[in-house]
Amino acid sequence: MTAMQTNSTPAVVFTALAGVAIVAVIFYGASRKRKHALSPQQWKVFFTEDGRLRDGGIRLLKRVRSGGVGPRIRAEVWPFLLGVYNFNSTKDERDAVRTQNRKEYEKLRRQCRKLIKKSNESTSANEFLSSQDRSPEAESSDYPSIVSLEGDDYVNVSNADASLLDTDFIESPEVIQTVPSDDDQEDNNPMKTNKDSAEGLEVIQTAPPEDVQEDNNPMKTTKDSAEGPEVIQTAPPDDVQEDDSPVKTAKEPLQEKVPSKPPTNEDFSTWQRIIRLDALRANADWMSHYPSQAAVSDSVARRTAEAVGLEDYGHLEAGRIFHAARLVAILEAYALYDPEIGYCQGMSDLLSPIVSIISEDHEAFWCFVGFMKKARQNFRLDEVGIRRQLELVAKIIKYKDAHLFKHLEKLQAEDCFFVYRMVVVLFRRELTFEQTICLWEVMWADQAAVRAGIGISAWNKVRKRAPPTEDLLLYAIAASVLQRRKLIIEKYSSMDEIIRECNSMSGQLDVLKLLDDAHNLVITLHDKI
Amino acid sequence: MSSSSGQTSGHDLSFKILLIGDSGVGKSCLLVTFISSSSVEDLSPTIGVDFKIKTLTVGGKRLKLTIWDTAGQERFRTLTSSYYRGAQGIILVYDVTRRETFTNLSEVWSKELELYSTNQECVKMLVGNKVDRDSERAVSREEGLALAKELGCLLLECSAKTRENVEKCFEELALKIMEAPSLLEEGSTAIKRNVLKQKQEPQARQNSGCCS
């Protein structure tokens, strides 16, 4: 009897573990054991009564860094991870940010529609943009140079904007897109609060979210930092009155020179065209994970598509049409918001998972803006950002594995151009939907920790773990190459072969192993790099 | 994806081919259709470059074609330009239903090609894709022929969707390449180099002979 009882305990434990493993397999498509993703219950517990995250989000970030976020609460958690909401904000403050963000997004959409109308009326949209000082070479900070909106809204905040909005809503069929889901989630939000909003509405309303955080987060921008905060101040005064003018860059040209390459001919209408092409061929693997979004009715999908001027979608099913239309709306708005980057292929890969998970366009937009704060460097016209990233990957490989690096040098592949795609679309092409999201969440949590100044010390206290880094992605990329070191050294004798190996990694990677390896690299190398 | 790694099996000739043209004209679709037997739709946009290898027999010769697929957006051009180097054949692709993709070939792409292609005799080919959508056609065959004449190259209209003329594109191109003595020479030295390399120790090689 007793013997049987003692025996049964391990069996129970074993079964429980097996359950965990199965969950891990389902969520991450990998067979390794791993901590649970953040669950809705845990998530709720993190908040105080006024809807503020306890301990400035440290525990949240720890959880996400080790296990990602459970599928059901992603839409709530991501805005924090992506810097849309401040970790120290109360529910009320977030509501205010959210309202303001929605207005700004809607304004961008109105501008998009006007530009489209204009370009349809033969005046090309380019004139519109190029007549303004768009200076692609200028940028080197992590901040979009967009500024006019703040000034704009400053004036409109309490009056004109709302009415303008309403009229626009009536004439625009695009309402469909926003309206049905638009009945404010605020009500559903589990975090009820009525205290505090010390920041003052004005601050919140007039600054884009990244700047709101500025106060509390010593935002460490990657390399060239420093520029960020000025962005607001440099808003040209004339932007204030011009409601309809598309976004201007207000930054002065600075340091980084564009290499001999002539300025591009790309303009807003080019972007519009490519955005539409890419939206229609977005990867559809999200559909099986979020069937409710995929199950949109045919008529809603078509109306939404028409509203953004999507064509040639007849062969697609409703869910994909709807998804494509939302991608178009948000990417177009982003191109206006950040005209130095505009639209570059690959950005739709980054936005698509966000759109799949966040049902409100304006929320998805601002999450995307948060995502792009770091990722936008990769899409810069002068390619400075992407080169820097590749150099860093090379450095990691060099420090970790001199032998492999020598081999790469021999093949003239030491510039690591073979990981170009992984850098640009952050493993989206190599990993499945769930795997990608897991990787991104862990990476976002790292970046958020760095942003919030939760540095090495806070982490070391707990246990010997990898400190958060801005560049977890690059460590993961280096790890994926290092995992193939033997193959590369022994079998490959040209860079072509390495490119092919890297471009055919999809389906071959175990995201958990990748993250483990990346974290190990961070532990051993972060001091040197 | 590709039919073979091509290194070990016997080929007579090895050629590098490059696909260029605007975004969304179907470069990747053409390539994937050619490589695999299934037809494809809605491929994600190409980021940077990619390539596939196909072995086939043309004119009695066993060929290994390394076909490079490039991103269409202008922004990627600095990157993709380095892949022109050493190409024996370049396929300029346009979409017969979108006129601007056709005009960009003469205004943009043919100039890129002149600028970056290192092979004087490099064979060019004009390919109008998506002829299955005939009702939406915006570029006539005659216009295509006229541009082909102007650029001094072949024209083929095809459809990656129906596979019409897809294989022919690559075969015709390969035949043309083999007609040029200097390119033929390059194609066979590439093979010899490989054979030599395999006989010697693999470490001894200096460069890949392809791209940087």
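Residue numbering restarts at 1 for every chain, and letters A, B, ... go by the order of the sequence lines.
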*Asks:* Against the six-membered ring of W109(B), is R77(B) placed for a cation-pi contact (under 6.0 Å from the centre, within 45° of the normal)?
*Replies:*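 Yes, cation above the ring, under 6.0 Å and within 45°.
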
*Asks:* Please assess R428(A) against D285(A) for the test salt bridge (charged side-chain N to carboxylate O under 4.0 Å, His left out), listing each intermediate value before the final yes or no.
*Replies:* CA-CA 11 Å; R428(A) 183 64 196 94; D285(A) 59 2; 2.7 Å; yes

*Asks:* Count the heavy-atom pairs under 4.5 Å between each of D349(A), V425(A), I386(A), D312(A) and chain B, then report the option with the highest count.
*Replies:*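 The candidate making the most pairs under 4.5 Å is D312(A).
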
*Asks:* Considering only heavy atoms and a distance below 4.5 Å, find which of C344(A), A282(A), G346(A) pairs most often with chain B.
*Replies:*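 Sorted descending by pairs with chain B, the first entry is C344(A).
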
*Asks:* Strictly below 4.0 Å, N to O, side chains only: are E430(A) and R421(A) in salt-bridge contact?
*Replies:*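 Yes, this pair counts.
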
*Asks:* Would you say Q345(A)'s side chain and R75(B)'s backbone share a donor-acceptor pair under 3.5 angstrom?
*Replies:*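 Looks like no, no N/O pair under 3.5 Å.
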
*Asks:* Of the backbone (N, CA, C, O) and the side chain (C-beta and beyond), which part of L277(A) lies under 4.5 Å from a heavy atom of chain B, both, or neither?
*Replies:*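 The side chain, not the backbone.
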
*Asks:* In terms of relative ring orientation, are F371(A) and F368(A) parallel, tilted or perpendicular, with 30° and 60° separating the classes?
*Replies:*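 Perpendicular, since the angle between the ring planes exceeds 60°.
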
*Asks:* Side chain, backbone, both or neither: which part of T46(B) has an atom under 4.5 Å from a heavy atom of chain A?
*Replies:*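 For T46(B), backbone heavy atoms alone lie under 4.5 Å from chain A.
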
*Asks:* Please classify the contact between L316(A) and chain B as side chain, backbone, both or neither, with a heavy-atom cut-off of under 4.5 Å.
*Replies:*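 Looking at L316(A), just its side chain touches chain B.
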
*Asks:* Non-hydrogen atoms of chain B under 4.5 Å away: do they reach the side chain of N378(A), the backbone, both or neither?
*Replies:*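 Neither; nothing under 4.5 Å.
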
*Asks:* Do the side-chain N and O atoms of T432(A) and Q435(A) include a donor-acceptor pair separated by under 3.5 angstrom?
*Replies:*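 The criterion, which ignores hydrogens and geometry beyond distance, is satisfied for Q435(A) and T432(A).
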
*Asks:* Which one of G48(B), A71(B), S44(B) has the most heavy-atom pairs closer than 4.5 Å to chain A?
*Replies:*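 If we count pairs closer than 4.5 Å to chain A, S44(B) comes out on top.
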
*Asks:* Please state whether the side chain, the backbone, both or neither of I341(A) comes within less than 4.5 Å of a heavy atom of chain B.
*Replies:*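 Both backbone and side chain of I341(A) come within 4.5 Å of chain B.
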
